[in-house]
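Before we start, here is the structure in question, set down as structure tokens.
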Amino acid sequence: MLSIEHIREHPDEVRRALQTRGEEDPITEVLELDAQIRQAITQRDHLNAERNRVSKEVGRMRSQGQEATEEIRAEMRKIGGQADALNQQTKDLGDKINGLLLELPNLPQPDVPVGTGEEGNIIVRQGGEPPIFDFEPIPHWDLGPKLGIIDFERGTKLAGSRFYTTMGAGAKLERALISWMLDLHTLEHGYTEVSLPAVVKREIMEGSGNLPKFADNLYHDEEDDLWLIPTAEVPITNLYRDEIIPANTLPLKYVAQTPCFRREKAAAGRDTRGIKRVHQFNKVEMYKFVDPETSNQELEQLVDDAEDVCRKLGFTYRVLQLCTGDLGFASAKTYDIEVWAAGCQEWLEVSSCSNCTDFQARRSNIRYRAEEGGRPRLPHTINGSGLALPRVMIAILENYQQPDGSVVIPEVLRPYTGFDVIPAKTG
RNA sequence: GGAGGGGUGGCGGAGCGGUUGAACGCGGCGGUCUUGAAAACCGUUGUUCCGGUUUUCCGGAACCGUGGGUUCGAAUCCCACCCCCUCCGCCA
């Protein structure tokens with residue numbers, strides 16, 4: 001959520017920034033409503049003050065054995081009624097303003113390249129060497145079933161299209177990846193592991209920015225109004241909802257592994273083969289609550305933590321900076337990490353790392369104290385995958401496949417898998 | 001799911017419907033004392049919003065689980081909901 005004060009003081013700057021994201025401009029309406037609500041609040045407070053004053057007077061009289069006249073009581077009833085009406089008005093106006101603000105995305109940082117979509121993204125750097133094959137590497141949707149470790153038909157039988165099942169070495173490889181990534185981030189990168197609910201309340205989804213605007217992409221349980229998380233970012237953001245984080249505790253760094261549920265409605269018909277785009281997948285997510293002054297450095301560091309996973313797995317990868325038109329709703333600045341998959345011949349987005357500045361903190365009412373006894377302020381929040389499992393699985397299977405159809409396990413994972421190769425099936 | 005108990009400030013814990021933002025204790029902060037520290041004593045101690053002033057500050061409003069209601073006035077009475085604890089039942 002954007003700060004109403006900021007909109008009030010710099011309306012044109014906000015308008016311009018929203019434009020670069022290709023957004024509508026409800027700023028004029030917000031400002032009008034804001035003027036109205038402030039007037040109503042002032043009036044209401046004056047009436048309340050009057051009511052409080054007289055009521056105290058009545059109390060004082062009563063303690064001296066006198067009763068309030070019916071005249072006074074009638075007058076106060078009237079004032080009270082007016083105050084209550086104005087109060088209702090401020091609530092309605094507040095809801096309206098809030099409704100508009102909740103639909104507004106974060107403002108891009110000044111150094112974010114302006115662009116309308118994917119084409120505007122900039123390759124910041126590349127890492128790793130592309131694997132060289134003396135045979136034609138095959139895509140994972142062929143390789144997986146061939147090895148007997150991915151089963152698409154049975155996944156579909158259970159839950160429909162875009163669901164899948166892994167078995168044997170496939171299931172174990174995923175579990176090994178999860179354990180290894182969590183160990184890497186906790187032991188070497190200083191994150192604290194956290195285990196979280198996979199469903200959350202409506203207001204939690206609002207806090208992270210997924211609701212009200214993106215209900216379409218979420219699975220929802222009607223009976224209890226619970227929502228399946230599309231990423232661990234959602235519950236982690238809200239860990240400190242309605243709290244004031246004490247001085248000298250930032251940065252707080254968390255890493256969590258959760259299932260992620262996405263309806264992928266907008267992508268209907270796209271990437272239907274394989275496990276690149278599915279309705280349920282596991283992801284290791286990194287998240288930080290940081291001091292606003294350091295948030296951009298913290299973002300760079302988090303990107304490096306994610307890149308470290310790619311480096312250690314021996315991937316060819318590239319880091320993109322997203323342009324204004326491609327930024328996520330809550331983000332002010334985002335880097336994507338893509339790894340090369342030799343089988344399907346594609347760059348796969350395995351991580352998206354964003355500085356959400358104070359956008360989520362304001363929505364979730366998370367504050368911190370910069371120093372002991374200081375005023376509470378909004379922290380910045382940083383999130384990024386570290387990494388998303390299915391696409392990492394794709395990259396490993398496709399890039400490490402051998403001429404005989406087997407797949408070699410990257411060195412770092414072997415202590416976790418307990419095997420160093422997924423053998424080709426014979427017969 | 002059933003029965004009972006409870007939700008008050010950073011924590012503990014009071015609070016006849018009326019100068020109660022809330023006694024008291026602890027903690028925190030400032031000060032006196034001390035070579036220093038402790039003890040003792042004195043003072044101070046939340047958050048949000050509106051208006052004025054504008055890095056200090058002043059005035060007002062709101063907040064005692066949440067939302068409604070009664071009343072001139074509600075932490076205090078009524079209703080609904082949520083959460084926690086104890087016991088019983090069920091279950092991974």
Side-chain angles (χ1 to χ4, degrees), chain A residues 1-10 30-101 195-207 221-227 235 238-250 252 259 292-293 358 361-379:
Chain A
M1 190 148 58
L2 303 180
S3 144
I4 185 72
E5 288 81 17
H6 188 251
I7 294 175
R8 205 184 281 154
E9 281 157 32
H10 311 281
V30 169
L31 289 174
E32 251 166 51
L33 292 170
D34 181 53
Q36 285 176 31
I37 198 175
R38 289 158 77 195
Q39 199 191 349
I41 286 171
T42 302
Q43 281 180 35
R44 180 201 62 189
D45 285 358
H46 282 317
L47 290 172
N48 277 344
E50 173 68 3
R51 169 160 63 173
N52 290 345
R53 193 183 62 75
V54 174
S55 290
K56 276 183 183 169
E57 187 60 37
V58 170
R60 224 171 283 139
M61 284 166 64
R62 266 201 91 190
S63 68
Q64 288 162 18
Q66 288 172 279
E67 278 300 328
T69 62
E70 179 52 35
E71 196 182 342
I72 289 175
R73 292 215 253 147
E75 176 64 15
M76 284 305 106
R77 255 198 298 277
K78 200 174 122 202
I79 286 186
Q82 286 171 352
D84 288 347
L86 278 166
N87 196 40
Q88 190 53 50
Q89 204 180 320
T90 62
K91 276 184 187 168
D92 293 344
L93 284 166
D95 287 348
K96 242 187 230 172
I97 293 168
N98 215 31
L100 288 170
L101 291 182
S195 176
L196 300 156
V199 296
V200 296
K201 301 178 196 170
R202 174 180 295 270
E203 63 260 34
I204 302 303
M205 282 290 181
E206 277 180 5
D221 166 52
E222 294 260 348
E223 190 171 354
D224 295 316
D225 196 21
L226 287 174
W227 301 72
N238 287 274
L239 281 174
Y240 292 98
R241 161 176 273 267
D242 296 326
E243 291 188 41
I244 299 172
I245 299 166
N248 308 318
T249 40
L250 297 186
L252 285 165
E293 271 74 57
D358 59 12
R362 185 173 294 106
R363 283 179 164 243
S364 303
N365 190 29
I366 304 160
R367 288 164 300 161
Y368 80 104
R369 288 188 210 278
E371 67 276 313
E372 211 82 55
R375 306 208 112 255
R377 301 203 288 159
L378 297 165

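Residue numbers start from 1 in every chain, and the chains themselves are labelled A, B, ... in the order their sequence lines are given, proteins ahead of strands.
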>> Under 3.5 Å for both donor-acceptor distances, Watson-Crick or wobble: does B:G51 have a partner, and if so which one?
In response: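 In the structure as shown, B:G51 has B:C58 as its Watson-Crick or wobble partner.
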Determine the Euclidean distance between corresponding C1' atoms of B:U48 and B:G9; express it in Å to zero decimal places.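 Roughly 15 Å separates the two C1' atoms.
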Output the rounded distance in Å from CD (A:Gln36) to P (B:C50).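 Atom-to-atom, A:Gln36 to B:C50, this comes out as 15 Å.
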When rounded to whole Å, the CZ to P distance for the pair A:Arg362 and B:C49 reads 11 Å
*asked:* In whole Å, measure the gap between the C1' atoms of B:G73 and B:G4 for me.
replied: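 So the two C1' atoms sit 34 Å from each other.
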Here the distance between atom P of B:G18 and atom CZ of A:Arg60, to the nearest Å, is 15 Å
| message | Could you tell me how far B:U45 sits from B:C24 if I compare only their C1' atoms? Round to whole Å. | response |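 It works out to 16 Å between them.
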Please classify the nucleic acid contact of A:Ile72 as base, sugar-phosphate, or nothing, using heavy-atom distances under 4.0 Å. nothing
query = Which whole number of Å gives the distance between the P atom of B:G18 and that of B:C26?
reply = 28 Å
- Specify the separation, in whole Å, of atom CZ of A:Arg44 and atom C1' of B:C50.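 Value for this atom pair: 8 Å.
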(message) Any base atoms under 4.0 Å from A:Arg38, or only sugar-phosphate, or nothing? Heavy atoms, all strands.
(response)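 Here A:Arg38 touches the backbone only, sparing every base.
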| task | Name the nucleic acid region contacted by A:Val58, choosing base, sugar-phosphate or nothing; use a 4.0 angstrom heavy-atom cut-off, strictly under. | result | base
To the nearest angstrom, the NE2-C1' distance between A:His46 and B:A62 comes to 15 Å
Salt bridge between A:Lys91 and A:Asp95, side-chain N to carboxylate O under 4.0 Å?
no
Indicate, with a heavy-atom threshold strictly under 4.0 Å, whether A:Arg8 touches base, sugar-phosphate, or nothing.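 Contact class for A:Arg8: sugar-phosphate only.
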When rounded to whole Å, the CG to C1' distance for the pair A:Asn48 and B:U71 reads 15 Å
- Reckon A:Arg53 touches a base, only the sugar-phosphate, or nothing at all at heavy-atom distances under 4.0 Å? nothing
Taking CD from A:Gln43 and C1' from B:G60, how many angstroms apart are they, rounded to a whole number?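 Spelled out: CD on A:Gln43 to C1' on B:G60 is 15 Å.
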message = When the P atoms of B:G2 and B:A62 are compared, how many Å lie between them, rounded to an integer?
response =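 Comparing P positions in B:A62 and B:G2 gives a spacing of 39 Å.
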Check: Using purine N1 to pyrimidine N3 plus N6-O4 or O6-N4 for Watson-Crick, or N1-O2 and O6-N3 for G-U wobble, each under 3.5 Å, what pairs with B:A3?
Finding: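 In the structure as shown, B:A3 has B:U86 as its Watson-Crick or wobble partner.
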From CD of A:Glu50 across to P of B:A62 the rounded distance in Å is 13 Å
If you measure from the Lys or Arg side-chain nitrogens to the Asp or Glu carboxylate oxygens, is any gap between A:Arg77 and A:Glu70 under 4.0 Å? yes
